[in-house]
Amino acid sequence: MTADRHRAVFLDRDGTIVEDTGYLHEPGRVRLLPGTADGIKRLNDHGYLVVIVTNQSGIARGLYTIADYTAVQRRVGELLTAHGARLDGAYFCPHHPQFSGPCECRKPALKLFLDAQQALDIDFRRSWWVGDRLADVQPAGSLGGHGILVATGEGNLHQGQARAAGVMVVADLGRAVDEILRLNPAI
């Protein structure tokens, strides 16, 4: 991998960026978690690509459609843009093994991250994974990056396992960004 490849921060969506209301599919119910927009803007300003990678099993369960997911994702982008922040990509898995069978894209599987790497020219070794579940941050170990578990959403349930696996645990996305920029500040 060459030095001109991009650093990225892969973010889970529900419970990391937005309130996890359970199978979020209505744009009017999207609420950014405190500090999210500022944290993403700081990543943008420091030269990180910001990419959402999210499991959306509600699609496989028949609870909402890909169009519903897209409308929610568009709303997330609008809310971030209103604060001067931006996303550089968004990838989702619409499957769940119980409803649609096995797939290669459901986190912690690597397909969506590899798709993002190819599309955005990402250097995994210089990248970070942030989420509220172990499955969100486990790909960092396989791909050579760094993981941070946030205690928002489901994060409180996974803190012990994360620490045992050597994964940093912080309160929220804003604190995760603090740590990323402290450990890798240069553009």
Side-chain angles (χ1 to χ4, degrees), residues 1-18 32-33 35-56 73 76-77 80-81 83-95 103-153 155 158 161-187:
M1 295 189 184
T2 62
D4 58 345
R5 294 189 93 175
H6 301 284
R7 302 181 303 173
V9 177
F10 295 100
L11 299 174
D12 177 53
R13 191 186 78 183
D14 304 328
T16 302
I17 297 175
V18 301
L32 294 176
L33 289 170
T36 295
D38 177 64
I40 291 173
K41 183 175 184 336
R42 289 189 296 142
L43 291 170
N44 298 148
D45 292 346
H46 280 84
Y48 281 92
L49 296 179
V50 179
V51 180
I52 289 179
V53 179
T54 180
N55 290 337
Q56 293 295 313
Q73 194 59 39
V76 171
L80 292 171
T81 297
H83 294 280
R86 75 170 190 288
L87 299 172
D88 297 292
Y91 297 80
F92 72 101
C93 172
H95 309 114
C103 69
E104 296 178 5
C105 58
R106 184 172 176 79
K107 292 184 294 183
L110 305 180
K111 182 185 183 312
L112 297 178
F113 301 103
L114 296 170
D115 290 349
Q117 180 191 41
Q118 183 174 12
L120 300 170
D121 196 27
I122 293 170
D123 181 347
F124 287 139
R125 294 172 301 164
R126 298 171 59 220
S127 296
W128 293 80
W129 280 253
V130 180
D132 68 317
R133 298 172 188 241
L134 286 176
D136 299 329
V137 300
Q138 285 172 328
S142 299
L143 297 172
H146 315 279
I148 300 177
L149 184 83
V150 293
T152 52
H158 303 279
Q161 290 175 300
R163 286 191 175 104
V167 174
M168 183 185 311
V169 178
V170 298
D172 55 27
L173 181 57
R175 298 285 185 185
V177 171
D178 291 343
E179 289 300 315
I180 292 167
L181 298 180
R182 181 181 68 80
L183 295 167
N184 297 101
I187 291 181

C93 versus C105, closest heavy-atom pair with distance: SG-SG, 3.3 Å
Atom pair CD/OG1 of Q73 and T54 - distance to nearest 0.5 Å: 7.5 Å
Donor-acceptor contact below 3.5 Å, side chain R106 vs main chain H95: yes
Nearest-0.5 Å distance, CZ of residue R86 to CG of residue L49: 7.5 Å
R175, CZ atom: more than 12 neighbouring heavy atoms under 6.0 Å: no
Side-chain (R7) to main-chain (W128) donor-acceptor, under 3.5 angstrom: no
Check: G153 main-chain N/O paired with R133 side-chain donor or acceptor under 3.5 Å: no
Atom of G15, atom of V150 and distance for their closest heavy-atom approach: O-CG2, 4.4 Å
T36 OG1 to I17 CD1 distance, which is reported to the nearest 0.5 Å: 7.0 Å
Non-hydrogen side-chain atoms of L183 and M168 separated by less than 4.5 Å: yes
Among L11, V167, L143, the one residue meeting side chain to side chain contact (heavy atoms under 4.5 Å, CB included) with W129: L143
Steps toward side-chain contact (heavy atoms from CB on, under 4.5 Å) verdict (I180, V130): CA-CA 10 Å; I180 292 167; V130 180; 4.1 Å; yes
Residue pair R126 / Y48: nearest heavy atoms and the distance that separates them: O-CE2, 4.0 Å
For the student: nearest non-hydrogen atoms of G84 and N44, plus distance: O-OD1, 4.4 Å
Distance, nearest 0.5 Å, that separates NZ of K107 from CG of L110: 12.0 Å
Heavy-atom side-chain contact between D14 and Q56 under 4.5 Å: yes
Distance, nearest 0.5 Å, that separates CG of D132 from CZ of R13: 12.0 Å
Test side chain to side chain contact (heavy atoms under 4.5 Å, CB included) applied to T152 and D12, L33, L173, V170, the passing residue: L33
Candidate list D136, V137, V53, test side chain to side chain contact (heavy atoms under 4.5 Å, CB included), partner F10, passing option: V53
Gap separating the CG atom of D172 from the CD1 atom of I148, nearest 0.5 angstrom: 11.0 Å
Side-chain (Q117) to main-chain (I122) donor-acceptor, under 3.5 angstrom: yes
